[in-house]
Amino acid sequence: MMSTTNTINSTNTKDSKNNSVSDLARQLVQDLVPYASARSSMSGGAVWLNANENALAPAYQLDGTFNRYPSCQPKAVIDAYAAYAGVAPEQVLVSRGADEGIELLIRSFCEPKQDSITICPPTYGMYAISAESNQTAVNKVLLVNNEQLDLAGIFATTPKLVFICSPNNPTGDLIPREQIIAVLEQFQGKALVVVDEAYIEFAPSASVVPLLSRYPHLVILRTLSKAFGLAGLRCGFTLAAPEVINALKKLIAPYPIAEPVAQIAAQALAPAGIAQMQQSVATINQLRQEFCQFARGLEGVQKVWPSNANYVLLQVADAAACVAALINEDILIRNQSSQLGLSQVVRVSIGNPDEMQRLKQAMLNYFSANKRVSA
């Protein structure tokens, strides 16, 4: 009997050597197409205008040693963000970027293989990726003219979560407040409505935070990555009713925020840090307006989306060729033509004044050359 067992084990070991280690992964993981971040899909370049980062980077100092585990929800950060956002501390969860907030919401509220989420493409890709990785179906209801919600289409779905990005990535449009309220009214007691406000500092009057007191099923996602210029920090926030926050805390990692991250976040949310952010936003908004005016004057640009964020979406004749031409000039922008509902579009993040001047000259050269060739 021992000999037989050993023979079987030996055979299995031999067979396993013929298999790839990746075959051990869950079938879901093998089939999943991961999110292609701007940093992972493009490298090199001297001017990075492809990831919606803030080129006007602040600088902060660290203090102390780091031999102790950090707090799961550092009080200084929670209290500072609550004061900044105008909510109570018990309505705030801090996480590793808003991406972790998305993941936690789906894991906490969606039963795998049973529930679904509703998203409105073209929009941020991680909603669908996080849902698929948690075996949650995705209802896709396209925006109307890439700007407004298709309310009838959304109301025809039966999700656990509805994700609305405003300002929307990649179009930069604001979703009308009355439409968000209509979705909140429709799904009261049925689903959470998640409004992603990653770029809200560029259009602060459009925030739906005042609606939190009226709608306990409203959830708002925020981040320090964009206007605060701290993309490398990976620090995001979820604003919601205490009952929602408590549910998310059950699944969040024991130590989601490193001590250095907590220290820098607290500095960024101090009055001086907020003032610095607001000055940065004013500069970026001005640079964006100037770039939009420039882009509308280029014969090769067919459409310029009205943006309320730190990026601008452009429709061109050949998005891949446009991106490639700028790469040759050491400038990175992002081709967003694979987004559902979009075709031949590029997204340009707003850089600092020198970077924007360099971009304008490169685009002028590219479209002028194309004009001569087509003529």
Side-chain angles (χ1 to χ4, degrees), residues 68-110 117 130 160-166 177 180-181 183-185 187-201 204 206-228 230 233-271 273-274 277:
R68 302 296 185 186
Y69 286 113
S71 169
C72 176
Q73 294 292 296
K75 186 176 188 303
V77 177
I78 294 293
D79 288 350
Y81 201 87
Y84 166 70
V87 298
E90 57 268 26
Q91 292 178 282
V92 180
L93 181 85
V94 62
S95 61
R96 290 167 289 195
D99 287 334
E100 186 177 27
I102 295 168
E103 185 82 11
L104 286 170
L105 283 164
I106 293 172
R107 288 173 56 208
S108 300
F109 289 91
C110 295
I117 69 169
S130 292
K160 268 291 187 71
L161 302 170
V162 180
F163 284 93
I164 300 171
C165 191
S166 182
R177 180 184 296 262
I180 295 175
I181 291 174
V183 175
L184 286 164
E185 291 286 346
F187 289 102
Q188 201 153 207
K190 303 173 185 174
L192 295 182
V193 177
V194 185
V195 180
D196 189 340
E197 292 189 342
Y199 300 91
I200 200 62
E201 280 80 11
S207 175
V208 295
V209 164
L211 299 179
L212 282 169
S213 60
R214 289 169 49 191
Y215 298 103
H217 60 306
L218 171 62
V219 179
I220 298 171
L221 297 173
R222 294 283 192 87
T223 184
L224 299 185
S225 294
K226 310 304 180 182
F228 282 89
L230 293 170
L233 202 64
R234 307 310 302 129
C235 185
F237 299 88
T238 302
L239 310 180
E243 294 81 1
V244 174
I245 298 298
N246 289 337
L248 301 182
K249 285 180 177 178
K250 291 183 178 182
L251 289 184
I252 199 168
Y255 310 110
I257 301 299
E259 177 60 25
V261 172
Q263 287 189 24
I264 294 173
Q267 292 177 60
L269 292 165
I274 292 172
M277 176 274 291

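FYI, side chains are in, hydrogens and waters are out, and symmetry mates aren't considered; it's all heavy atoms of this structure. The first residue in the sequence is number 1, and the count goes up from there.
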For the CD1 atom of Ile102 and the CG atom of Asp196, what is their distance to the nearest 0.5 Å?
5.5 Å
Under a 3.5 Å distance rule, please check whether His217 uses its side chain to pair with a backbone N or O of Val193 as donor and acceptor.
no
Interatomic spacing from CG in Leu248 to CD in Glu243 - rounded to 0.5 Å
11.5 Å
I need the Ile78 CD1 to Ile257 CD1 distance, nearest 0.5 Å.
8.5 Å
Gly101 and Thr238 have their tightest heavy-atom pair at CA-OG1, 3.9 Å
Ring centers of Tyr84, Phe237 separated by less than 6.0 Å:
no
Can you tell me how far the CD atom of Gln73 sits from the CD1 atom of Ile245, to the nearest 0.5 Å?
8.5 Å
Just by distance, do the side chain of Gln91 and the backbone of Ala88 share a donor-acceptor pair under 3.5 Å?
yes
Hey, are Arg177 and Ser207 close enough side-chain-wise for a donor-acceptor pair under 3.5 Å?
no
Pairing residues for Arg107 by the salt bridge (Lys or Arg N to Asp or Glu O under 4.0 Å) criterion, not counting sequence neighbours
none
May I ask you to decide whether Arg234 forms a salt bridge with Asp99, counting only side-chain N to carboxylate O separations under 4.0 Å?
yes
If I compare all heavy atoms of Pro210 with all of Ser213, which pair ends up nearest, and what's the gap?
O-OG, 3.4 Å
Stepwise side chain to side chain contact (heavy atoms under 4.5 Å, CB included) test for Leu224 and Leu269
CA-CA 9 Å; Leu224 299 185; Leu269 292 165; 4.2 Å; yes
Would Ile117 and Cys110 count as a side chain to side chain contact (heavy atoms under 4.5 Å, CB included) if you check the C-alpha gap in whole Å, the side-chain angles of each, and the deciding distance to 0.1 Å?
CA-CA 8 Å; Ile117 69 169; Cys110 295; 4.0 Å; yes
Rounded to the nearest 0.5 Å, what separation is found between the CD1 atom of Ile200 and the OG atom of Ser166?
6.0 Å
Full working for side chain to side chain contact (heavy atoms under 4.5 Å, CB included) between Leu221 and Val194:
CA-CA 7 Å; Leu221 297 173; Val194 185; 3.8 Å; yes
Show the nearest heavy-atom pair for residues Val209 and Ala85, with the distance to one decimal.
CG1-O, 3.5 Å
Can you tell me if Glu259 uses its side chain to pair, donor with acceptor, with the backbone of Tyr69 under 3.5 Å?
no
Could you go step by step and tell me if Tyr215 and Ile181 meet the side chain to side chain contact (heavy atoms under 4.5 Å, CB included) rule?
CA-CA 9 Å; Tyr215 298 103; Ile181 291 174; 3.6 Å; yes
Are the side chains of Val219 and Leu239 in contact, using a 4.5 Å heavy-atom criterion?
no
Compare every heavy atom of Phe109 with every heavy atom of Ala247, then report the nearest pair and how far apart it is.
CB-CZ, 3.9 Å
Do the non-hydrogen side-chain atoms of Arg96 and Cys235 ever get within less than 4.5 Å of each other?
no
Any side-chain to backbone donor/acceptor pair from Lys226 onto Tyr199? Under 3.5 Å, distance only.
no
Where do Pro216 and Ala241 come nearest, in terms of heavy atoms and distance?
O-CB, 3.7 Å
Sort out for me which residue in Val94, Leu93, Ile252 forms a side chain to side chain contact (heavy atoms under 4.5 Å, CB included) with Cys72.
Ile252
Distance col, row Ile220:CD1 vs Leu211:CG, nearest 0.5 angstrom, shows 7.5 Å
Correct closest heavy-atom pair for Thr223 and Phe228 would be O-CD1, 4.3 Å
State whether the number of non-hydrogen atoms from other residues, nucleotides or ligands found under 6.0 Å of Lys75 atom NZ is greater than 12.
no
